[in-house]
Novice: 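Structure incoming, see below.
Per chain, numbering begins at 1; letters A, B, ... match sequence-line order. In this text the structure is predicted, and so the values were computed from the model without any measurement.
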Number of protein chains: 2
Amino acid sequence: MTACKHEHEHKTPEQLLATARQVCDEQGRRFTKLREHVFNLIARSTGPVKAYDLLDQLRPEFGSPKPPTVYRALDFLSGLGLIHRVEALNAYIACDHSQGRHIAEFFICETCENLEERSANDHIDCVPDGFDIRRSVIEHYGICKNCAA
Amino acid sequence: MTACKHEHEHKTPEQLLATARQVCDEQGRRFTKLREHVFNLIARSTGPVKAYDLLDQLRPEFGSPKPPTVYRALDFLSGLGLIHRVEALNAYIACDHSQGRHIAEFFICETCENLEERSANDHIDCVPDGFDIRRSVIEHYGICKNCAA
DNA sequence: CTAAAATATAGTACACTATAACACTATACT
DNA sequence: AGTATAGTGTTATAGTGTACTATATTTTAG
Ligand SMILES: [Zn+2]
Ligand SMILES: [Zn+2]
Ligand SMILES: [Zn+2]
Ligand SMILES: [Zn+2]
């Protein structure tokens with residue numbers, strides 16, 4: 001078991017936004033008002049955000065958006081690796097890493113709901129012979145240090 | 001990266017059923033007709049099964065069951081470690097391992113939908129200081145050897 | 001500049017997934 | 001039998017996600 005170097009940047013919402021703009025620009029995609037707003041809501045949240053909460057938070061500034069509106073923005077943002085979906089929570093979180101698209105690994109405290117993101121690029125082993133991994137979901141649920149009895 | 005010893009039993013539905021009965025017995029819980037039937041449907045399936053498909057398959061033998069009926073059976077079976085939930089598919093699969101409760105790791109082909117289960121007990125590292133993992137979700141999606149171009 | 005193509009937004013309607021709450025039944029144990 | 005516990009049935013509702021159609025905007029090419 002090798003020592004691990006993790007990023008622990010915990011970027012500010014402003015930094016996240018700047019990165020998002022830049023990535024979007026590099027990819028020649030448009031960082032529209034809607035997409036920016038959705039991204040900001042996720043980036044400013046203290047924890048994973050649910051699609052229907054975003055939907056509520058878009059009102060009334062963006063009229064009365066319907067589910068497809070927010071899901072399109074979420075698809076766009078996750079397609080660029082700017083946010084991650086937390087599968088077991090049906091929720092989304094802004095990517096806190098600078099390394100571009102990567103395999104995310106989450107440690108989620110079930111007491112305080114704090115989420116710690118790490119990159120799992122380097123420690124997936126034991127893959128079946130010939131299996132080509134395109135996407136991985138790695139989420140650990142438990143009790144964080146602060147919440148230990 | 002150490003060599004891995006994996007189980008590759010691919011038990012038959014009959015073997016799975018026998019194990020299920022035994023585990024249930026050991027725990028002093030009742031392996032009722034309903035639970036047995038739900039377990040069999042999952043065990044005999046070639047891939048992950050969805051709750052509402054189970055609901056359909058229970059008819060008409062079990063009347064016209066409603067969602068809570070099947071979700072209760074699923075909760076019971078997963079509580080005993082007899083089945084696993086595949087989070088990103090909202091689906092369930094019979095546990096193919098003999099080692100009792102364990103952290104499952106799945107390799108799921110997005111072409112043929114084949115699923116390979118492995119045990120991840122031994123290769124989770126880089127846990128944040130003081131974090132007590134209670135449950136892990138580890139799922140890899142990609143293309144299996146057979147489906148490679 | 002203008003037409004065509006690509007990109008982005010809006011909305012309807014529906015499908016799928018899951019749980020709360022309450023009533024009822026079966027089993028286990030004095 | 002009487003009590004406690006475990007299991008089931010049912011209704012209603014909450015929560016999550018997508019197919020499809022239509023419209024608007026931006027970019028590109030002629
Ligand atoms: Zn990330
Ligand atoms: Zn905590
Ligand atoms: Zn298993
Ligand atoms: Zn395959």
Novice: So, taking the atom named CG in B/Asp96 and the one named NZ in B/Lys11, what distance separates them when rounded to the nearest 0.5 Å?
Specialist: 6.5 Å

Novice: Which residues pass the side-chain contact (heavy atoms from CB on, under 4.5 Å) test with B/Tyr52, not counting sequence neighbours?
Specialist: B/Leu55, B/Pro67, B/Tyr71

Novice: So if I take residues 79-92 of chain A and measure heavy-atom distances to DNA chain C, which residues fall below 4.0 Å?
Specialist: none

Novice: Working to the nearest 0.5 Å, report the span between CD1 of B/Ile133 and SG of A/Cys144.
Specialist: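 Answer rounded to 0.5 Å: 12.5 Å.
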
Novice: I need the single residue from B/Leu80, B/Leu77, B/Leu74 that forms a side-chain contact (heavy atoms from CB on, under 4.5 Å) with B/Phe39. Which is it?
Specialist: B/Leu77

Novice: For C/dT19, does either OP1 or OP2 sit under 4.0 Å from a side-chain N or O belonging to B/Tyr71?
Specialist: no

Novice: Roughly how many Å is it from OH in A/Tyr52 to P in D/dG17, rounded to a whole number?
Specialist: 8 Å

Novice: Rounded to whole Å, how long is the line connecting atom CZ of A/Phe31 with atom C1' of D/dT26?
Specialist: 18 Å

Novice: Using atom CD of A/Gln27 as one end and atom C1' of C/dA8 as the other, report the distance to the nearest whole Å.
Specialist: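 Distance, rounded to whole Å: 17 Å.
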
Novice: What residues form a side-chain contact (heavy atoms from CB on, under 4.5 Å) with A/Thr46, not counting sequence neighbours?
Specialist: none

Novice: Within this structure, what is the CG-to-P distance between A/Leu54 and D/dT16, rounded to whole angstrom?
Specialist: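 In whole Å, D/dT16 P and A/Leu54 CG are 11 Å from each other.
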
Novice: Does any part of the side chain of A/Leu34, heavy atoms only, come nearer than 4.5 Å to the side chain of A/Val70, both counted from C-beta?
Specialist: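 Answer no - side chains too far apart.
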
Novice: What's the CG-P distance between A/Leu55 and D/dT18, to the nearest Å?
Specialist: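 Nearest whole value for this atom pair: 14 Å.
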
Novice: By side-chain contact (heavy atoms from CB on, under 4.5 Å), which residues pair with A/Glu14, not counting sequence neighbours?
Specialist: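 A/Glu14 satisfies side-chain contact (heavy atoms from CB on, under 4.5 Å) with A/Thr12, A/Arg44 only.
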
Novice: Can you confirm if the aromatic rings of B/Phe131 and A/His140 lie within a centre distance of less than 6.0 Å?
Specialist: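 No.
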
Novice: For the pair made of NZ in B/Lys50 and P in C/dT17, what is the distance, rounded to whole Å?
Specialist: 4 Å

Novice: Starting at CD of A/Gln57, measure out to CG of A/Leu41 and round the result to the nearest 0.5 Å.
Specialist: 5.0 Å

Novice: Using whole Å, what does the distance between atom P of nucleotide C/dT9 and atom CG of A/Asp75 come to?
Specialist: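 The answer, rounded to whole Å, is 12 Å.
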
Novice: If the helix axis at each end comes from five base pairs, how far does the helix from C/dC1-D/dG30 to C/dT30-D/dA1 deviate from straight, to 10°?
Specialist: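 The end axes of the helix from C/dC1-D/dG30 to C/dT30-D/dA1 are about 30° apart, to the nearest 10°.
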
Novice: Starting at atom CG of A/Leu58, determine the distance to atom P of C/dG11, rounded to an integer number of angstrom.
Specialist: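 Taking CG of A/Leu58 and P of C/dG11, I get 12 Å after rounding.
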
Novice: Can you name the one residue among A/Gln99, A/His97, A/Glu105 that meets side chain to side chain donor-acceptor pair (under 3.5 Å) with A/Ser119?
Specialist: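 Only one option passes, and that is A/Gln99.
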
Novice: Distances for protein N/O vs nucleotides 5-11 of chain D N/O pairs under 3.5 angstrom?
Specialist:
unit_1	atom_1	unit_2	atom_2	d
D/dG7	OP1	B/Arg35	NH1	2.8
D/dG7	OP2	B/Arg29	NH2	2.8
D/dG7	O5'	B/Arg35	NH2	3.2
D/dT8	OP1	B/Thr32	OG1	2.6
D/dG9	N7	B/Arg72	NH2	2.5
D/dG9	O6	B/Arg72	NH1	3.0

Novice: As a test of understanding, state which of B/Ile42, B/Asp75, B/Val49 forms a side-chain contact (heavy atoms from CB on, under 4.5 Å) with B/Ile83.
Specialist: B/Ile42

